[in-house]
*Asks:* 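Okay, handing you the structure first.
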Amino acid sequence: MATNIAKPMKRKGIKGEGAWGYAFIAVALVVFAMFTAYPVVSAFIISLQQYKPLGSTYVGFDNYVATVKDALFWQAMRNTVVYTLLTVPVNLILSMVIAIMILPLRKKTQGFFKGVYYLPVVASGVALSVVWLWIFDPMEGGILNQLIHFFGFTNQNWLGSSKTAMFSLVLMSWLSSHGTSIIIYLAGLLGIDDTYYEAAEMDGANFFQKLWHIVVPSLKPATLFLLVTGVIGSFQVFQNAYLMTGGGPNNATTMVGLLIFNNAFTYFEFGKAAAQSLILAVIIAGISVIQFKYAGKDVEY
């Protein structure tokens with residue numbers, strides 16, 4: 001009886017469809033290498049140096065040690081965590097509520113409100129900051145001070161006091177950063193099958209029961225996405241603190257992103273700034289992994 005001995009298969013080179021596949025992703029790989037991989041590697045190299053344009057000195061992990069011992073870094077990290085805890089959950093709830101309120105409207109009316117809420121996303125951050133500086137004007141002409149005068153309160157120096165500066169930035173986030181979240185939640189709401197609502201109504205469920213048992217579970221993928229991206233964005237917040245308060249007063253609104261910027265471009269401590277940026281990246285990555293592990297257990301994509 002003849003025995004068929006399987007011949008070892010020869011590995012084929014990158015030909016045909018495989019070559020076209022690599023060709024299609026080549027541009028994306030080049031962009032990733034130039035604008036993501038290379039900057040990260042460069043930042044790590046710089047973090048090990050006392051960087052100077054005309055000659056750097058290798059210092060090992062001294063910049064990391066200095067960062068860990070820096071009280072201002074931990075104050076900035078604490079400010080960033082407080083800002084994140086106060087803004088991200090509230091923004092998610094507000095965005096979901098607004099999306100639910102827009103859903104029953106006619107398509108044209110829906111489009112109007114989508115445009116209104118999304119407009120701040122495409123508007124210039126500097127222009128928005130100028131508007132909010134007017135709102136927080138400490139004089140009587142400030143819109144917020146005019147509002148509290150109606151309730152019998154006196155003028156507040158919203159951005160100039162360490163007691164109210166952080167709250168001012170949080171309030172700014174609550175009232176001006178929902179456009180993208182609302183659009184995503186609306187897309188999720190439109191994807192819920194009406195039969196779920198009909199079955200719930202037959203069982204006598206009220207509005208809040210349908211909201212809790214149908215809407216919230218159905219929007220879990222969108223919520224997880226917005227939660228992860230929201231935390232990442234809030235840990236990287238820079239523009240609001242830089243334009244509105246400059247990190248003051250008394251570093252009450254100094255965020256990690258602003259601290260890194262100041263170390264790099266104000267004090268020219270590029271090595272320390274690079275070390276802090278990598279530490280921040282590791283912290284953000286760790287938090288993201290925890291979110292996916294515990295908040296994404298029963299999420300289907």
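Computed over heavy atoms, backbone and side chain alike; hydrogens, waters and symmetry mates excluded.
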*Asks:* I need the minimum non-hydrogen distance between W158 and S168, along with the two atoms involved.
*Replies:*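 For W158 versus S168, the nearest heavy atoms are O-OG, 3.2 Å.
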*Asks:* If I compare all heavy atoms of P217 with all of L211, which pair ends up nearest, and what's the gap?
*Replies:*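 Looks like CD-O, 4.5 Å.
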*Asks:* For the OG atom of S181 and the CD1 atom of I93, what is their distance to the nearest 0.5 Å?
*Replies:*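 The CD1 atom of I93 is 12.5 Å from OG of S181, to the nearest 0.5 Å.
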*Asks:* Could you go through the side-chain contact (heavy atoms from CB on, under 4.5 Å) check for Y197 and I192 one step at a time?
*Replies:* CA-CA 9 Å; Y197 300 119; I192 301 175; 3.6 Å; yes
*Asks:* Could you walk me through whether M172 and S129 satisfy the side-chain contact (heavy atoms from CB on, under 4.5 Å) test, starting with their C-alpha distance in whole Å, then the side-chain angles of each, then the deciding distance to 0.1 Å, before giving a yes or no?
*Replies:* CA-CA 9 Å; M172 180 179 174; S129 297; 4.2 Å; yes
*Asks:* Going through the checks in order, is the side-chain contact (heavy atoms from CB on, under 4.5 Å) test met by V282 and L278?
*Replies:* CA-CA 6 Å; V282 170; L278 291 175; 5.6 Å; no
*Asks:* Minimum heavy-atom separation for A33 and P39, please, with both atom names.
*Replies:*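 Shortest heavy-atom separation between A33 and P39 comes out as O-CD, 4.3 Å.
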*Asks:* Answer yes or no: is there a side-chain heavy-atom contact under 4.5 Å between K114 and I182?
*Replies:*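 No, every pair of side-chain atoms sits at 4.5 Å or beyond.
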*Asks:* Less than 4.5 Å apart, any side-chain heavy atom of L86 and any of V82?
*Replies:*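 SC-SC contact between L86 and V82 confirmed.
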*Asks:* Can L189 be reached from M101 by stepping across I, L, V, M, F, W or Y side chains whose heavy atoms are under 4.5 Å apart?
*Replies:*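 Each belongs to a different hydrophobic cluster.
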*Asks:* Would you say T229's side chain and F225's backbone share a donor-acceptor pair under 3.5 angstrom?
*Replies:*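 Indeed, once roles are kept as given, a pair shorter than 3.5 Å links the two residues.
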*Asks:* How long is the gap from CD on Q146 to CG on N155, to the nearest 0.5 Å?
*Replies:*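 Going from CD on Q146 over to CG on N155, the span is 9.5 Å.
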*Asks:* What's the spacing between Y117 OH and L186 CG if we round to 0.5 Å?
*Replies:*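 Between Y117 OH and L186 CG, I get 11.0 Å after rounding to 0.5 Å.
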*Asks:* Side chains of I284 and Q236, heavy atoms from C-beta outward: is any pair under 4.5 Å?
*Replies:*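 The answer is yes, as the side chains (C-beta and beyond) meet within the 4.5 Å cut-off.
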*Asks:* Between N240 and L169 (side chain of the first, backbone of the second, donor and acceptor by atom type, cut-off under 3.5 Å), is there such a pair?
*Replies:*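 Not confirmed, N240 side chain does not pair with L169 backbone.
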*Asks:* Under 4.5 Å between side-chain heavy atoms, chaining through other members, with only Ile, Leu, Val, Met, Phe, Trp and Tyr counted: pull out the rest of the cluster around V130, sorted by chain and number.
*Replies:*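 The other cluster members (ILVMFWY side chains, heavy atoms under 4.5 Å, direct or chained): none.
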*Asks:* What heavy-atom pair brings L159 and M244 nearest, and what distance separates the two atoms?
*Replies:*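 So the two residues come closest at CD1-O, 3.7 Å.
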*Asks:* Return yes if some donor-acceptor pair links the side-chain N/O of Q209 with the main-chain N/O of N206 below 3.5 Å, else return no.
*Replies:*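 Yes, because the side chain of Q209 sits within donor-acceptor range (under 3.5 Å) of the backbone of N206.
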*Asks:* Once you round to the nearest 0.5 Å, how far does CD1 of I45 lie from OH of Y58?
*Replies:*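 Reported value, rounded in 0.5 Å steps: 11.0 Å.
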*Asks:* For the pair T80 (side chain) and V256 (backbone), establish whether a donor and an acceptor sit closer than 3.5 Å, ignoring hydrogens and angles.
*Replies:*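 Answer holds: yes.
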*Asks:* Minimum heavy-atom separation for V68 and W74, please, with both atom names.
*Replies:*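 Scanning both residues, the minimum pair turns out to be O-NE1, 2.6 Å.
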*Asks:* Look at the side-chain heavy atoms of Ile, Leu, Val, Met, Phe, Trp and Tyr, link any pair under 4.5 Å apart, and say whether V59 and F73 land in one connected group.
*Replies:*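 No, because V59 and F73 fall into different hydrophobic clusters, even though each may have its own neighbours under 4.5 Å.
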*Asks:* Considering only heavy atoms from C-beta outward, does the side chain of M96 approach that of I100 to under 4.5 Å?
*Replies:*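 Yes, their side chains come closer than 4.5 Å.
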*Asks:* Cluster question for you: counting only ILVMFWY and a side-chain heavy-atom cut-off of under 4.5 Å, with indirect links fine, are F261 and M77 together?
*Replies:*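 No.
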*Asks:* Please tell me if the side chains of L175 and W132 come closer than 4.5 Å, counting only heavy atoms from C-beta onward.
*Replies:*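 Yes. Closest side-chain heavy atoms under 4.5 Å.
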*Asks:* Carefully, step by step, assess F44 and L48 under the rule side-chain contact (heavy atoms from CB on, under 4.5 Å).
*Replies:* CA-CA 7 Å; F44 178 71; L48 302 177; 3.8 Å; yes
*Asks:* Checking the side chain of D193 only, and the main-chain atoms of T195 only, is there a donor and an acceptor separated by less than 3.5 Å?
*Replies:*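 Judged by distance alone, yes, a pair lies under 3.5 Å.
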*Asks:* Looking only at non-hydrogen atoms, find the nearest pair between I214 and A200 and report the distance.
*Replies:*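 What the structure gives for the nearest pair is CD1-CB, 3.7 Å.
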*Asks:* Quick check: does any side chain N or O of D137 sit under 3.5 Å from a backbone N or O of I143, one acting as donor and the other as acceptor?
*Replies:*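 Checked: no pair found.
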*Asks:* Do L224 and V228 come within less than 4.5 Å of each other through their side chains, counting heavy atoms only?
*Replies:*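 Of all side-chain heavy-atom pairs linking V228 with L224, at least one is under 4.5 Å.
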*Asks:* When rounded to the nearest 0.5 angstrom, what is the spacing between CZ in R78 and CE in M255?
*Replies:*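 So the gap between those two atoms works out to 12.0 Å.
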*Asks:* Can you check whether L92's main-chain N or O pairs, donor with acceptor, with S95's side chain at less than 3.5 Å?
*Replies:*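 Checked: no pair found.
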*Asks:* Fit a plane to each ring of F238 and Y242, take the angle between them on a 0 to 90° scale, and name the class: parallel (under 30°), tilted (30 to 60°) or perpendicular (over 60°).
*Replies:*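 F238 vs Y242 ring planes: parallel.
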*Asks:* Under 4.5 Å between any side-chain heavy atoms of V88 and Y83, yes or no?
*Replies:*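 V88 does not reach Y83 side chain to side chain.
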*Asks:* Does atom CZ of F112 have more than 12 heavy-atom neighbours, drawn from other residues, nucleotides or ligands, at distances under 6.0 Å?
*Replies:*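 Open.
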*Asks:* Strictly by salt bridge (Lys or Arg N to Asp or Glu O under 4.0 Å), give each pair with a member in residues 80-103 just once, sequence neighbours left out.
*Replies:*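 Found none.
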*Asks:* At what distance, to the nearest 0.5 angstrom, does CD1 of I232 lie from CG of L280?
*Replies:*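 Going from CD1 on I232 over to CG on L280, the span is 10.5 Å.
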*Asks:* Are L258 and I279 linked, directly or through other ILVMFWY residues, by side chains that come within less than 4.5 angstrom of each other?
*Replies:*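 As far as the 4.5 Å side-chain criterion goes, I279 and L258 are not connected within one cluster.
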*Asks:* May I ask whether L190 and V215 are part of the same hydrophobic cluster, defined by side-chain heavy atoms of I, L, V, M, F, W, Y residues being less than 4.5 angstrom apart, directly or through others?
*Replies:*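 Shared cluster, yes.
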*Asks:* Side chains of L144 and L171, heavy atoms from C-beta outward: is any pair under 4.5 Å?
*Replies:*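 Contact flag for L144/L171 side chains = yes.
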*Asks:* Quick check against the 3.5 Å criterion: does N145 have a side-chain atom that pairs as donor or acceptor with the backbone of M139?
*Replies:*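 Between the backbone of M139 and the side chain of N145 there is a qualifying donor-acceptor contact (under 3.5 Å).
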*Asks:* Tell me whether the rings of F167 and W174 are parallel (<30°), tilted (30 to 60°) or perpendicular (>60°).
*Replies:*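 Taking W174 first and then F167, their aromatic rings stand perpendicular (interplane angle over 60°).
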*Asks:* Which pairs with one or both residues in residues 251-280 pass side chain to side chain donor-acceptor pair (under 3.5 Å), sequence neighbours excluded?
*Replies:*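 Passing the test, one end in residues 251-280: D70-K272, T245-T253, N251-T254, N263-Q276.
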